[in-house]
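To keep things clear, I will list the structure first and then write my remarks on it.
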Amino acid sequence: MAQRYRLDKGGRIDRDRPVDFTFNGRAYQGYAGDTLGSALLANGVHLVGRSFKYHRPRGIFSAGAEEANALVQVGEGAATLADLKATQVELYEGLSARSVNCYPSLDFDIGEVNSLASKLFPAGFYYKTFMWPQAGWPMYERFIRKAAGLGEAPLEPDPDFYDKRYAHADVLVAGAGPAGLAAALAAARSGARVILADEQHELGGSLLSGRDEVDGKPGSDWAAEAERELRANENVRILPRSVVFGYYDHNWIDILENLSDHLANKPADAPRQRMWKVRANQVVLATGAIERPLVFRDNDRPGIMLASAARSYVNRWAVRPGESAVLFTNNDGAYAAALDMKAAGIKIAAAVDLRAEAEGELTQAARDAGIEVLAGHGIAATEGHKRVRRVKVAPLSADGRSLAGEARTLNCDLVAMSGGWNPTVHLHSQSRGKLRFDAELATFVPDRAVQAERSAGACNGTFGLADVLGEGFAAGEAAAEAAGFSVEKAPRPQAGNGKFLPARWLWLTPSSKPVGHGGKHFVDFQNDVTAADLQLALREGYTSVEHVKRYTTTGMGTDQGKTSNVNALGVVSEFRGVPIEELGVTTFRPPYTPVTFGAWGGRDVGDLFDPIRRTPMHSWHARAGAEFENVGMWKRPWYYPKAGEGMHEAVQRESKAARESLGILDATTLGRIDIQGPDSAEFLNRVYTNGWKTLKPGAIRYGLMLGEDGMVMDDGVTACLGENHYLMHTTSGGAAEVLAHLEEYLQTEWPELQVYLTTVTEQYATAAIAGPNARKLLAELTDDIDVDPDAFPFMSWREGTVAGVWARVMRISFSGDLSFEINVEAHNGLHLWQTLMNAGEKYNITPYGTETMHVLRAEKGFIIVGQETDGTVTPVDLGMEKLCSTKKDFIGKRSLSRPDMQDPNRKQFVGLLPDDPNEVLEEGAQLVETVKSQPPMDMVGHVTSSYMSPNLGRGFALALVKGGLHKHGQKVYAPMPGKTIACTVTSPVFFDPEGERLRA
Amino acid sequence: MPEATEPLTAASPLAAVWEPGEHGRIGPQGPGVTFTERRDLTLASFQARRAGVEALAGAASENLGLALPGPNDSTAGDGLSLIWVGLDRWLAVAADTNGPALLQRLGEALGETAAVADQSHGEYVLQLEGPQVRDVLMRATPVDVHPTAFPVGRVVSTVMNHTSVQLWRTQAERYLVVVHRGFARDLFKFLTTMSRDVGYRLP
């Protein structure tokens, strides 16, 4: 019968909107407003999963985020979601869910054999058992992973997308139960900007599950009124289905908002989830509390659930979670569940109360209602495989550590248990606020706040409803005031103020045998950790709670010990005879509940993963079919393959064309720093190794920049634009680093220098034309620049009009041939490039990329910082000591005088010619002078650059070789897999050593 | 490999990706935001020289008729605005396309009190305008763009799409984003993606 366990009336469900869904392939029906958990219970489905390690049958044991058992896989294919808690999944039409961690089926699970052999799987089992042979671990791991697991991650790419949004609030309130609603009302009335987030789809928290009245009306009505007032306030943002999961420095809060998981028809053009990154001036934590289970023998059978959960199912979802219930409690508060269940027609077999004298307002009410209260009793055992069938209850000894009488059997299909309450202190703790052990409540409550936050209500250890509401209003008012708003104190609502006390704190309910010798006393349901496991850990010397946690895995997993941590501490405390407050508590870390990777990624995926920096000519390169390479954040053309060409063919063609006629390179990406001020020349003198005082306007000079350690950090040319005005070029990837280096020196070391630096990297687009026909082409495109070699010598610049636009032309060369770098304003870059391409057609103008640029410069022995250098190379090593002025100081000079820097056997810059001209060495290949049959061999250096040169007609390389400057003509060898390549050490300048071509 | 075509000699970094029309989820109120390329502006950066900020402020006030704005602020006059971009650094924004003229004007007005550099081509200015512009910005920048925190005239250095930008509110529903030219295209792609939910228009 459909929804056999649904109550005839009541509940916050919409009976006019039945919802069809499937679980493990079977069709069921629930109502809008149900969770998957409440709908399953309405259909009498208690067995929903198998436990992590022993594959024991497990049922729904909570009604919220603390659920440790009812983990389900929802949906199929690429959009499937793993390990959702059935108690949190909102029901929607067509929802399809299945159990995790069972094979072949939930009812017949082969892994349950683990349960029979559980003596073989104690705590630390993996560490102990699979130690030998070590090589076997990968195989063991495969089987262990298969056997012990949760849901399945899809293999396909995620079809959903995720949003990310920033927000700011004067007051952020986490949790919209009575305390949170009160705090939000108080803060919003002051005019503060308020964000109120709650993990559930409905605001109200515990008011939705209880029967408490506020100001003479049902609590849920009060909550609805509060919500209406908040929604009418434009300064308030209400985020339902939004869990505040992370609390970081400076009140930086992360919230995960679920947008479409609860919809039957998920919109394709809307995000699935949204990550909110909130900076809050003040935070009010109103996160409530989570009920503790009791630790007793075989306390994990389906049908055994938290008393508050049973109450929620009855009141909020109008579901009878059983026909005949036993209440098992150590406190007065849990009797509310018994009363509400009884009112809903559930038979209460008995209330088993650990307290020797079971007293209290609700206890008395239960007695008055005719419920049998067994004071000083405990549940000594439970029976029933896929559902609890009966429990054995027995009187306890005075100290509660043993049974003190015959057991009595109670038939039941539901055990509602309550071991007290744990304030949800996760966010307070994440914010680095301290915790304090409250002996009266036997749990941890917030102590001193470290950030601008305050806890209110149950999360603060306050349990009477009137007190909770009062504390909520007070916290909202205080937060608003702290954020600079003036507050008018509101009258506090009227409500009952019953707490769950008195209680008796007995961490482990005894059974007929010692712990570990019969049945299992589960402490952590999700990780299958029992009291016996904790005892074993202590016996084996793991006494710190941090060690106990890691050795037994208690408190780990997707629920992170929400229901197990304090019980584990209590059990350890009893075993060790040490008070809990002396044991300490493990650290709470974000996230409060699991967060999808998709939400972390947000929109920063695909094309938006990493921004690309493009030159103004980029689209031309792309259309010409260029392959690109990353240089810093820039995309630079790497080579331009023509039809049928691979990289090798393209680079050979480009290299030849640039030497024989005309090549063109996009050099826009070089870093450019504008340098102004009367001390600019002195500044350049100090940051470069060579002298700058003689550089005149119109002239250009190459500079080598060292770090303080004397190692080469950057190089490039600097043009003197005018009196006290320079334009420095840096390497494409080094611009930001160089600017920071220069600014640091200006601001901290040389504040007396009047020098002003400005980044102008992107102001200009640069096309470099190189080759014997470069001058002819330039001459055709300018009327006002005299390109005659005498009028426009090497290492000078001229300003004028090229291709009809303003241009600054620099006669410099990185290819070793006659070359002009034409700089125009960036918006004209594409125009310049196209004009050059059109006019250069008659010279077979050939665009070349960075690879050909590397070949051409290597033929000339020009270094690339970062390729020939690696932070350990000095100018002397590069044979560039002539660039190191002896007449002045410069950054790094003193380091160069260290004895080690003078060592003639340092790795030095050389050329290499493989004996076989067709051989191209691998870059990075190690070099030896004496080849042995196998490593190790004494290495004397390594290859830094290596290419096939069409201009030399052979392979060649640049390398760093120990003492290489004096080894020209000697042999070195590169031992490679399968062969050894013999090479001759040469000068690194292979082409036009006299430099006639570039000065042509 | 080859990307969307763009007209030859196009000078806009967005030429290949700018498709005029309405995009995304256009509601009954029309597009939430309209993007405009502000290539009608000329930009120059300047920083205080040794004479100091006070001397520079004096020169700006006397010769440009504009107060030198303080941190995260801007001042606007006839056809010329000054925006603060960092410690002792500002950007002058002129409502014309004559870069040399702006340089000359600043050079004459500020003289030895400032070091001036043309940025008209290095920096790209994208305008976002419309009733939902704040919603879009909340997805793009961690800065608080609520009117109480971000009044008209405010300018901040912030990060969008992993790229540093200046965000400048010039009117109630109008913001200018200043970004290095090379990043303009990906920033545009990012901002239009963030605008899909509210719908956007490209004139």
Side-chain angles (χ1 to χ4, degrees), chain A residues 163-168 193 269-271 277 279 602-604 607-616 618-620 622-628 633-635 668-669 672 674-678 725 754-765 806 824-831 834-835, chain B residues 1-6 8-13 15-16 24-25 39 45-50 88-89 99-100 114-124 135 137-146 148-149 160-163 179-187 189-190 193-194 196-197:
Chain A
D163 205 11
K164 194 178 283 187
R165 206 189 277 213
Y166 300 95
H168 297 255
R193 269 199 280 165
D269 60 345
K277 316 277 256 173
R279 183 79 74 186
R603 300 289 186 118
D604 299 335
D607 283 352
L608 298 178
F609 177 66
D610 198 18
I612 292 169
R613 208 171 181 181
R614 293 176 173 85
T615 77
H618 183 91
S619 57
W620 190 96
R623 232 176 313 157
E627 295 289 339
F628 289 90
M633 292 180 88
W634 291 103
K635 283 278 178 207
T668 302
T669 59
R672 298 179 185 82
D674 179 272
I675 302 174
Q676 300 182 33
H725 193 187
Q754 295 189 51
V755 178
Y756 309 99
L757 309 178
T758 307
T759 302
V760 291
T761 295
E762 297 232 28
Q763 175 69 11
Y764 306 102
W806 176 90
V824 297
E825 291 169 320
H827 290 349
N828 294 324
L830 188 57
H831 162 76
Q834 284 167 338
T835 309
Chain B
M1 187 62 221
E3 307 190 2
T5 55
E6 69 183 271
L8 292 184
T9 71
S12 163
R25 244 192 288 169
R39 287 162 54 209
S45 60
F46 60 95
Q47 56 180 307
R49 288 199 184 216
R50 178 57 52 92
D88 295 354
R89 286 169 189 265
V116 183
D118 192 2
Q119 302 284 0
S120 303
H121 293 260
E123 300 294 328
Y124 176 82
D135 191 273
L137 292 175
M138 282 178 69
R139 299 162 201 250
T141 168
V143 165
D144 189 356
V145 290
H146 191 272
T148 56
M160 289 183 183
N161 191 34
H162 314 286
T163 308
V179 63
H180 288 329
R181 190 191 202 280
F183 291 117
R185 184 161 145 187
D186 274 6
L187 182 69
K189 193 158 58 177
F190 171 77
T193 303
M194 295 302 143
R196 269 184 214 151
D197 279 358

Which of the residues [options] is involved in the greatest number of heavy-atom pairs with chain A at under 4.5 angstrom?
options                                   : result
Arg196(B), Met194(B), Arg89(B), Glu123(B) : Arg89(B)
Pro142(B), Gly24(B), Pro100(B), Ala48(B)  : Pro142(B)
Gly99(B), Pro13(B), Ala117(B), Ala149(B)  : Ala117(B)

Relative to chain B, which of [options] shows the most heavy atom pairs under 4.5 Å?
options                                    : result
Thr835(A), Thr669(A), Asp674(A), Thr758(A) : Thr758(A)
Val760(A), Leu757(A), Thr759(A)            : Leu757(A)
Asp604(A), Val755(A), Thr668(A)            : Asp604(A)

Check whether any side-chain heavy atom of [X] lies under 4.5 Å from a side-chain heavy atom of [Y], and answer yes or no.
X         : Y         : value
Arg614(A) : Asp186(B) : yes
Met160(B) : Leu137(B) : yes
Thr615(A) : Trp634(A) : yes
Pro678(A) : Arg49(B)  : yes
Arg613(A) : Thr163(B) : no

Let me know if [X] has heavy atoms under 4.5 Å from chain B in its side chain, its backbone, both or neither.
X         : result
Arg193(A) : side chain
Ala765(A) : neither
Lys164(A) : backbone
Asp610(A) : backbone
Thr761(A) : neither

At a heavy-atom separation under 4.5 Å, does [X] approach chain A through its side chain, its backbone, both, or neither?
X         : answer
Thr148(B) : side chain
Ala184(B) : neither
Thr193(B) : both
Gln47(B)  : side chain

| Using the benzene-type ring in the case of Trp, are the ring centres of Phe183(B) and His162(B) under 6.0 Å apart? | no

With no hydrogens and no angle check, is any side-chain donor or acceptor of [X] less than 3.5 Å from a backbone partner on [Y]?
X         : Y         : result
His121(B) : His827(A) : yes
Asp118(B) : Ser120(B) : yes
Gln119(B) : Ser45(B)  : no

| remark: Separation between CZ (Arg603(A)) and CG (Asp163(A)), nearest 0.5 Å, reads 5.0 Å

